[in-house]
Amino acid sequence: MKFSQELVQTAGRYESPFFLVDRGNVRQQYEKVLASIPGLDVFYAVKANPHPKVLRALAELGCGFEVSSCRELELALEAKASPERIVSYNPVKAPAFLAQAHQAGMRTFAFDSAAELDKLASMAPGSKVVARLVVSNTGSEWPLCGKYGMDAGTTLKLLRRAARLGLQPFGLTFHVGSQCLNKDNWVDALFLCRQVWDQARKKGMQLDLLSLGGGLPVYHGKKVPTTEEIGAAIDGAIRELFPGNRPRLAIEPGRALVGEAAVLVTTVIGRASRGCEEWLYLDAGIFNAIFEASQGIRYQAVTERKGPRRPFTLAGPSCDSVDTICQDVMLPSPRVGDRVYLMNVGAYTLSYASHFNGFPPPPVFFLDEG
Ligand SMILES: *Cc1c(COP(=O)(O)O)cnc(C)c1O
C-alpha cells in the first residue's frame, strides 16, 4: 500500500491505534500470483491474516485455502470455500482437527512422518497425501528450517507406506522459508522434487502435484524479488525439469497475498532521550500488533510531519523491553500526539497479537468500505 493524502484522510476518521486494510490490494496480489506461473492453483495460508472479510474477498475470486486448525477450517467454510478447495499442509495435525477436516470433506493433507500417516489412515482414510521435503531456507528473513520436512530417502519410504495404508500418494511440497529473497531456493527445491518424483515412479507411484509452499516476499523498503520474477524462475525450472509431463502446480502464499494490503495507524504517546538514542513510544507494539518486528522484520514508518530526519528507536506501549519495534528509524522529529503509520503490516500481525499488559489488538477498518 502507498502512503497518500487519501490514506491520511480516511485514517483521520478513526481513533488510534487501528489497522486499515485494502481488499483491492489483496485481490490484486492474488491475481498477480495466479498469473505468475501458467496453470497455477492458489491456496491462501489462512494463518497470515484470517480476517473473515479478507477470506471472503479471496474466496469470491476462486482462491483455495490452506488451514491448520478447526478454527481456520471454520473460517474458510464461512467464507464459502468448498471443502475440495481447502487443504492442510501442516505436516503434524492435531487429531481433533484431522477428524473435523475429514468430516467436512477435505481430502488433501501433507505429512512428514510415519506417525502422521498412521493418523491419516485411521482418521482420514483414502486421502491424498503430499510429502513435505526439507529444502534450503538460505536468504529467507523468516526461516522455517528444522521443524518439518523429510530427506529424499525417508520420503520414498513413507510414500510407499502411505500406499500400503490405503492413502493416495499424491505429490510433494516444501517451504523455502517465509519472506524469501532468494529465488534459487525454489529452483533448488524443484531439482530435489524431480529426483524424488522419478524414484517414486520407479517404485510404481505416479505423483501428480507439486505444491510450491509459501515464501513470496513483501516490500518493506528494500528491494525484494517480485512475484513475476520468482514465477518466471519457477516456471523455467519446471519446463527444464519436467519436459512433456508438467505436474499439477499449486502454491500456498500467506504473506504475499495480504502483507501489502494493510497499514497500522499509531500515535506517539511519549518521547525520551536515553544516552545517544531518541525513543518514541507508540500506542501499539510488538505484543498487540506487530510481533514479527521483534524478530527482525523492519516495517517502514511514515509520519505527516516534514523536515530534516534523524534516527529514532520506536517502541510499543507495554512495560516489557521486548516491546521495542525498531532502531534507527529515520523520521522528521515527531511529537507526542503525532500519528506514525507502519506500512505493509497485513501479514502475521493480528494473527499473532495478544492482550499483554492490557493493550488489546487494534481494531480493523477497511479502506475500501469508506
Ligand atoms: C505458513 C505456511 C505457508 C505460507 O507461508 P508464507 O511465507 O506466508 O507465504 C505456506 N505453506 C505452509 C505449509 C505454511 O505453513
Side-chain angles (χ1 to χ4, degrees), residues 26 29-30 32-34 36-37 40-51 54-55 58 63-69 72-73 75-76 86-94 97 101 106 108-113 116 129-150 170-183 185-186 189 193 209-220 224-227 230-231 234 249-262 291-292 295-297 344-352:
V26 175
Q29 296 301 324
Y30 169 76
K32 223 187 251 181
V33 172
L34 191 65
S36 67
I37 300 169
L40 188 64
D41 201 356
V42 183
F43 295 83
Y44 170 55
V46 170
K47 71 178 183 291
N49 185 332
H51 194 290
V54 169
L55 301 188
L58 286 167
C63 184
F65 295 97
E66 195 281 321
V67 303
S68 279
S69 60
E72 285 187 350
L73 169 56
L75 286 165
I86 309 175
V87 298
S88 180
Y89 290 156
N90 179 339
V92 181
K93 290 162 283 300
F97 164 59
M106 282 175 60
T108 313
F109 302 97
F111 73 94
D112 68 355
S113 63
E116 190 72 5
V129 294
V130 179
R132 168 91 166 243
L133 294 167
V134 65
V135 299
S136 168
N137 276 211
T138 308
S140 295
E141 299 202 329
W142 196 269
L144 300 168
C145 271
K147 189 171 178 186
Y148 297 123
M150 300 177 283
F170 187 53
L172 304 175
T173 190
F174 53 82
H175 201 305
V176 295
S178 201
Q179 187 70 8
C180 178
L181 308 186
N182 179 11
K183 285 186 291 194
N185 278 0
W186 279 278
C193 286
L209 173 81
L210 271 189
S211 198
L212 305 163
L216 298 174
V218 162
Y219 180 75
H220 290 303
V224 296
T226 63
T227 296
I230 293 170
I234 293 173
L249 292 174
I251 194 165
E252 316 127 43
R255 193 181 294 281
L257 293 193
V258 292
E260 292 178 14
F291 174 77
E292 286 193 324
Q295 308 288 313
I297 299 280
N344 294 357
V345 295
Y348 303 111
T349 46
L350 270 183
S351 50
Y352 272 135

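Start at 1 and go down the list; that is how both ligands and their atoms are numbered.
- The two residues Thr138 and Asn185 make their nearest non-hydrogen contact at O-ND2, 2.9 Å.
- Below 30°, between 30° and 60°, or above 60°: for Trp142 and Phe291 the angle between ring planes is above 60°, a perpendicular geometry.
- For Ala250, the side chain to side chain contact (heavy atoms under 4.5 Å, CB included) criterion is met by Asp41, Phe43, Leu209, Ser211, not counting sequence neighbours.
- Within 4.0 Å of ligand 1, protein heavy atoms come from Ala45, Lys47, Tyr89, Arg132, His175, Ser178, Gly214, Gly215, Glu252, Pro253, Gly254, Arg255, Tyr348.
- By the 30° and 60° cut-offs, the orientation of the rings of Phe65 relative to Tyr44 is perpendicular.
- The two residues His220 and Asn344 come nearest to each other via the heavy atoms CE1-O, 3.2 Å.
- Between the OG1 atom in Thr349 and the CD1 atom in Ile297 there is a gap of 11.5 Å [rounded to 0.5 Å].
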